[in-house]
Participant: 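Questions regarding the structure given below will be posed in turn.
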Amino acid sequence: MKITVPNSLDDISVAQYRKLANIDLKQDETAWLKETISILCSLDVVVVNKLSLKELEKIGKVVTKITNADTNQQQLIKKIDYKGKRYGFHPNLSKLTVGEFADLETFCAAGFFDHINEIISILYRPIKQENKDFYQIEEYTGEVFPDYWDDLKMSVVLGATNFFLSIGETLTKDLDSYLQEREIKT
């Protein structure tokens, strides 16, 4: 039997990652590993149970390396080709509409992994015009696609989330510096 084992976050889909996020972490390490291998290698648990300990350990080392990878190193991918269409990451987040912002906030608060498809639908939209590095995306209509992005690579999604995290970190540092300067002046 041939088993395909993912080598990186490029080999893991949104659907697989969502399933990983819902694994019960209170179970013992072997049960966690078997469930993780089942998800990442697209194997039925019955098949995973038939693996030898040596095979389980070998696959487990690769899988553990991916699940322990520093996901903060993923870079933002601004334009992607997916399901025959070209999509662009929102080119100017300072111009998010009230609808985009409210929906993002709602979906994030309701559970990032449970609503990851909806969040991606807001951040990545079809490109309507493109010229080299510049592009325009379609306007936000409020329509989101709960299962549409299930096959998207997690490296794309983590790049987008890291972008948000780095902005938040930068804004926090800038605010702190501003408040300290203001305190010195008063």
Side-chain angles (χ1 to χ4, degrees), residues 1-90 103-126 143-166 168-169:
M1 166 176 56
K2 183 178 178 184
I3 298 174
T4 304
V5 181
N7 289 316
S8 71
L9 291 168
D10 280 334
D11 300 328
I12 300 173
S13 70
V14 167
Q16 289 172 309
Y17 204 83
R18 186 174 46 245
K19 288 177 186 173
L20 285 176
N22 289 319
I23 290 178
D24 181 7
L25 298 176
K26 294 177 184 171
Q27 59 189 333
D28 67 67
E29 189 176 338
T30 303
W32 173 87
L33 184 58
K34 288 194 307 187
E35 195 171 349
T36 301
I37 289 172
S38 172
I39 292 167
L40 293 180
C41 299
S42 301
L43 297 172
D44 191 275
V45 177
V46 174
V47 175
V48 175
N49 283 329
K50 291 181 181 178
L51 294 172
S52 69
L53 282 176
K54 188 175 181 179
E55 291 169 322
L56 187 70
E57 287 175 10
K58 185 177 180 182
I59 296 169
K61 285 180 183 178
V62 176
V63 168
T64 302
K65 194 183 325 176
I66 295 168
T67 58
N68 290 340
D70 185 359
T71 56
N72 294 326
Q73 297 304 311
Q74 297 297 316
Q75 297 296 312
L76 174 65
I77 301 170
K78 292 183 179 182
K79 296 183 264 185
I80 58 172
D81 293 306
Y82 184 70
K83 293 188 178 183
K85 286 186 178 179
R86 189 125 169 100
Y87 292 88
F89 184 78
H90 198 296
D103 288 350
L104 273 173
E105 193 172 63
T106 299
F107 290 127
C108 287
F112 178 79
F113 293 111
D114 292 331
H115 297 284
I116 197 167
N117 275 284
E118 292 87 341
I119 294 166
I120 297 167
S121 295
I122 298 167
L123 295 176
Y124 281 95
R125 295 204 298 277
E143 183 178 10
V144 293
F145 309 99
D147 300 319
Y148 182 76
W149 299 98
D150 277 354
D151 296 323
L152 185 64
K153 297 174 181 180
M154 271 311 294
S155 56
V156 173
V157 177
L158 292 174
T161 57
N162 289 340
F163 178 75
F164 277 109
L165 292 174
S166 67
E169 197 173 293

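Just so you know, these numbers come straight off a predicted model, no measurement behind them. Heads up: numbering here begins at 1 and tracks the sequence.
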Participant: Check ring-ring contact (aromatic ring centres under 6.0 Å, His included) between H90 and all other residues, then give those that pass, not counting sequence neighbours.
Facilitator: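 Here no residue qualifies.
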Participant: Would you mind reporting whether D150 and S13 have side-chain heavy atoms less than 4.5 Å apart?
Facilitator: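 Answer no - side chains too far apart.
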Participant: Is it the case that more than 12 heavy atoms not belonging to K79 sit under 6.0 Å from its NZ atom?
Facilitator: yes
Participant: Please step through side-chain contact (heavy atoms from CB on, under 4.5 Å) for the pair Y87 and I120, ending with a clear verdict.
Facilitator: CA-CA 11 Å; Y87 292 88; I120 297 167; over 6 Å; no
Participant: Is any side-chain heavy atom of D114 closer than 4.5 Å to a side-chain heavy atom of N22?
Facilitator: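 The answer is yes; the side chains approach within 4.5 Å.
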Participant: State the CD1-CG distance between I59 and L33, to the nearest 0.5 angstrom.
Facilitator: 8.5 Å
Participant: Are D151 and K83 side-chain neighbours, meaning at least one heavy-atom pair lies under 4.5 Å?
Facilitator: yes
Participant: To the nearest 0.5 Å, what is the distance between NE2 on H115 and CZ on R18?
Facilitator: 10.5 Å
Participant: Could you tell me whether the side chain of Q16 reaches within less than 4.5 Å of the side chain of S42, counting heavy atoms only?
Facilitator: yes
Participant: Check whether any side-chain heavy atom of Y17 sits under 4.5 Å from a side-chain heavy atom of L158, and report yes or no.
Facilitator: yes
Participant: Do I23 and W32 make a side-chain contact, defined as non-hydrogen atoms from C-beta onward lying under 4.5 Å apart?
Facilitator: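 Yes, close enough: below the 4.5 Å cut-off.
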Participant: Checking side-chain contact (heavy atoms from CB on, under 4.5 Å) for the pair I3/I37: CA distance, chi angles, key distance, verdict?
Facilitator: CA-CA 10 Å; I3 298 174; I37 289 172; 5.9 Å; no
Participant: To the closest 0.5 Å, what do you measure between CG (L20) and CD1 (I39)?
Facilitator: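 With rounding to 0.5 Å, CG (L20) is 5.0 Å from CD1 (I39).
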Participant: Would a distance-only check, ignoring hydrogens and angles, find a side-chain to backbone donor-acceptor pair under 3.5 Å from S38 to L43?
Facilitator: yes
Participant: Calculate, to the nearest 0.5 Å, the distance between atoms CG and CG belonging to L123 and L104 respectively.
Facilitator: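 That separation rounds to 5.0 Å.
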Participant: Not counting sequence neighbours, which residues clear side chain to side chain donor-acceptor pair (under 3.5 Å) with Q27? List them please.
Facilitator: E35
Participant: How would you list, by chain and number, every residue that makes a side chain to side chain donor-acceptor pair (under 3.5 Å) with N49, sequence neighbours excluded?
Facilitator: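 Expected list: K34.
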Participant: Which atom pair, heavy atoms only, marks the closest approach of P6 to V62?
Facilitator: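 Heavy atoms of P6 and V62 come nearest at O-CG1, 3.3 Å.
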Participant: Rounded to the nearest 0.5 Å, how far does CD of E118 lie from CD1 of I116?
Facilitator: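 Those atoms lie 10.0 Å apart.
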Participant: Taking ring-ring contact (aromatic ring centres under 6.0 Å, His included) as the test, write out the residues that go with Y82, two or more places apart.
Facilitator: Y148, W149
Participant: Under a 4.5 Å cut-off applied to non-hydrogen side-chain atoms, are I12 and L40 in contact?
Facilitator: yes
Participant: Side chain to side chain donor-acceptor pair (under 3.5 Å) with D81: which residues, sequence neighbours excluded?
Facilitator: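 So D81 forms a side chain to side chain donor-acceptor pair (under 3.5 Å) with R86.
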Participant: Restricting to pairs with a member in residues 103-112, which pass side-chain hydrogen bond (donor to acceptor under 3.5 Å, both in side chains), not counting sequence neighbours?
Facilitator: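 Passing the test, one end in residues 103-112: D103-Y140.
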Participant: Quick one, L152 and I80 - any side-chain contact, counting heavy atoms below 4.5 Å?
Facilitator: yes
Participant: Please round to the nearest 0.5 Å and tell me the distance separating atom CD1 of I77 and atom CZ of F89.
Facilitator: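 So the gap between those two atoms works out to 11.5 Å.
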